[in-house]
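Please read the structure below before turning to the comments.
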Amino acid sequence: MPARRGAAYLDGLHDDRQIWIDGERVADVTRDRRLGRGVRSIAALYDLQLEPSRIDQMTYLSPTSGERVGLSHIAPRSIDDLVKRRNMIRAWSEWSAGMFGRSPDFLNAMVMGCAANPEYFANNAPAYADNIQRYAEQVREQDLCLTHTLVAPQVNRSVHPDHQAGGAVALRVVGETDQGLLMSGARILATLAPASDELFVAPAPSRSYSGIGNPRAFAFAIPLATQGLRLICRESFDIGRSSFDHPLGSRFEEMDCTAVFDQVLVPWERVFLYGDQEYCSAVFRKTNIFTHAMHQFITKNWVKAEFVLGVATLMAEAIGIAEQLHIQRLLGEILNAALTLRAFIRAAEADAAPGPGGVWAPDNETLLTARSFFPEVYPRLVEIVQILGSSGLANIPSEASVESPELVDDIEKFFQGAAIGGKERIRLFRLAWDVACSSFAGRQVLYERYFAGDFYRNVAAHYVNHDKRPYTKMVQDLLTREPAALPE
Ligand SMILES: Cc1cc2nc3c(=O)[nH]c(=O)nc-3n(C[C@H](O)[C@H](O)[C@H](O)COP(=O)(O)OP(=O)(O)OC[C@H]3O[C@@H](n4cnc5c(N)ncnc54)[C@H](O)[C@@H]3O)c2cc1C
């Protein structure tokens with residue numbers, strides 16, 4: 001089956017998955033009042049890839065079936081392929097204003113990256129290389145939508161996850177059968193799970209366990225609708241309001257879930273790593289798998305910063321502050337962020353190199369730096385929107401008031417902007433509120449701080465793993481060099 005349309009994707013979600021929200025089991029995620037509009041926005045992304053004017057930008061010919069498949073699945077063979085993939089990612093990100101952290105391209109790039117490193121999986125066990133390559137092909141050819149989960153529930157971070165609540169919390173292997181592994185316990189935080197076809201369970205790189213035969217060392221994937229798998233959602237930020245009232249929440253609720261496994265059977269052919277903790281702990285450090293994922297999400301972050309710049313610029317113009325020097329300084333800060341992200345992406349592509357099997361990856365060091373940059377910058381961008389908007393972000397009547405015949409004169413007179421009518425100013429400022437103040441906005445800040453791991457430990461790990469010798473040598477060279485001698 002080639003690249004899917006939205007309708008085919010929605011059809012695929014009609015199964016007996018266990019999605020729990022507000023104490024209820026969801027009957028149909030495509031129609032649920034809390035989840036359905038977000039799910040349908042993902043469907044719109046699938047439609048976008050097959051629009052006649054975009055199909056060449058969004059798809060390529062599958063190396064196995066010859067059919068058109070999504071470009072985020074591509075195994076890049078050149079810098080040109082990386083640029084094509086990035087342009088595809090940009091198109092999906094522009095459509096979603098960078099607010100879908102987990103559009104399917106994120107895991108498409110990561111699963112392709114796994115398949116591009118077969119030796120790594122084969123070294124754990126030869127069958128695992130075949131398993132991951134077959135799986136990546138299935139994801140590409142069926143255009144599946146994936147969620148993933150890496151982390152043990154918080155419970156008590158002062159003890160090892162193996163020992164949380166007597167060892168009964170973190171996901172672990174509780175049995176082996178002829179058919180596969182039996183899994184019990186829980187993992188966080190499966191973003192986009194209700195809208196996904198499959199759950200990819202990867203080892204957390206930062207949580208090192210030890211030993212061979214470790215029941216907590218594994219990587220695998222299973223359908224969302226697997227017996228014994230329950231997904232427990234947070235409350236939804238789509239509370240059914242109009243797109244005028246909640247411009248982002250009504251469109252881009254991607255949902256975060258705890259995945260609970262209750263004697264879940266993982267078939268052997270879906271096991272990618274198992275038992276040897278060495279391979280699990282190092283999978284993202286010793287391969288370029290995560291590099292491909294970073295190429296996706298740094299591109300998304302670049303678009304997100306551009307979107308915030310667009311919102312902030314329109315706000316400043318709307319209320320006549322765009323000529324103030326200190327406002328321009330704030331807007332320039334957002335511009336700097338957007339252009340820095342662009343520079344990271346372009347540098348990572350310019351310094352790309354072929355990896356195992358001749359599959360090209362962008363420069364890892366550049367993308368690791370970009371990964372550390374955004375969690376510090378995004379909260380500041382949101383703060384700037386708050387500073388620009390001031391009372392305008394609290395003074396935003398809902399659509400019902402805007403449309404009320406009794407209030408129409410008040411709305412146009414007292415809510416107008418410098419060069420914009422009252423209704424249009426409220427529409428714009430409600431969007432700014434959803435970027436900077438609403439519960440949707442708060443979750444976006446939290447997401448950018450943490451979705452790619454703990455910022456503090458990421459920066460520290462990058463420093464520890466980076467070769468500092470050229471820098472220390474430069475210092476030592478200077479210390480041992482005699483200053484120029486003055487003429488006698
Ligand atoms: C909105 C959102 C969506 C997410 N989506 C996904 C997803 O789809 N898939 C997925 O796998 N994960 C997802 N994550 C989870 C993400 O991977 C984790 O949040 C991240 O790895 C940090 O782990 P934690 O949240 O358990 O924080 P914790 O490890 O519990 O840390 C909490 C605080 O304690 C500090 N701390 C804890 N332990 C230590 C330590 N040993 N040393 C120093 N400081 C410590 C941290 O610095 C932090 O400030 C998501 C997170 C968020 C917020």
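Ligands are counted one by one from 1 in listed order, and the atoms in each one are counted from 1 as well. Just so it is clear, the structure is predicted and the values come from calculations on it, not from any experiment.
For the pair Lys286 and Glu278, the salt-bridge criterion is not met [side-chain N within less than 4.0 Å of a carboxylate O]. With respect to Glu448 and Arg443, no salt bridge is recorded, no charged nitrogen being found less than 4.0 Å from a carboxylate O.
Polar contact with ligand 1: present for Asp454 (N/O pair, distance under 3.5 Å). Residue Thr147 has no nitrogen or oxygen atom sitting less than 3.5 Å from a nitrogen or oxygen atom of ligand 1, judged on distance alone.
Contacts of Leu189 with ligand 1, taken as heavy-atom pairs under 4.0 Å, involve both backbone and side chain. With a 4.0 Å cut-off on non-hydrogen atoms, Arg449 does not touch ligand 1 at all. For Arg457, every heavy-atom contact with ligand 1 shorter than 4.0 Å involves the side chain, none the backbone.
A centroid separation of less than 6.0 Å is found between the aromatic rings of His466 and Tyr471.
Applying the ring-ring contact (aromatic ring centres under 6.0 Å, His included) criterion to Phe121, with sequence neighbours excluded, gives no partner residue.
Heavy-atom proximity to Tyr450, at under 4.0 Å, picks out these atoms of ligand 1: 16 (C), 17 (O), 18 (C), 19 (O), 20 (C), 22 (C), 48 (C), 49 (O), 53 (C). For ligand 1 and Ile188, the ligand atoms under 4.0 Å from any heavy atom of the residue are 10 (C), 11 (O). Per-residue contacts place Tyr447 under 4.0 angstrom from the following atoms of ligand 1 (heavy atoms of the residue considered): 1 (C), 2 (C), 3 (C). With ligand atoms numbered from 1 in the order given, ligand 1 contributes 3 (C), 4 (C), 5 (N), 6 (C), 7 (C), 8 (O) to contacts under 4.0 Å with heavy atoms of Thr191.
Taking a 6.0 Å sphere around CD of Glu94, one finds it holds more than 12 heavy atoms contributed by other residues, nucleotides or ligands.
Between His246 and Trp433, the angle of the ring planes lies from 30° to 60°, which puts this pair in the tilted group.
The backbone N or O of Tyr120 sits nowhere less than 3.5 Å from a side-chain atom of Asn117 that would complete a donor-acceptor pair.
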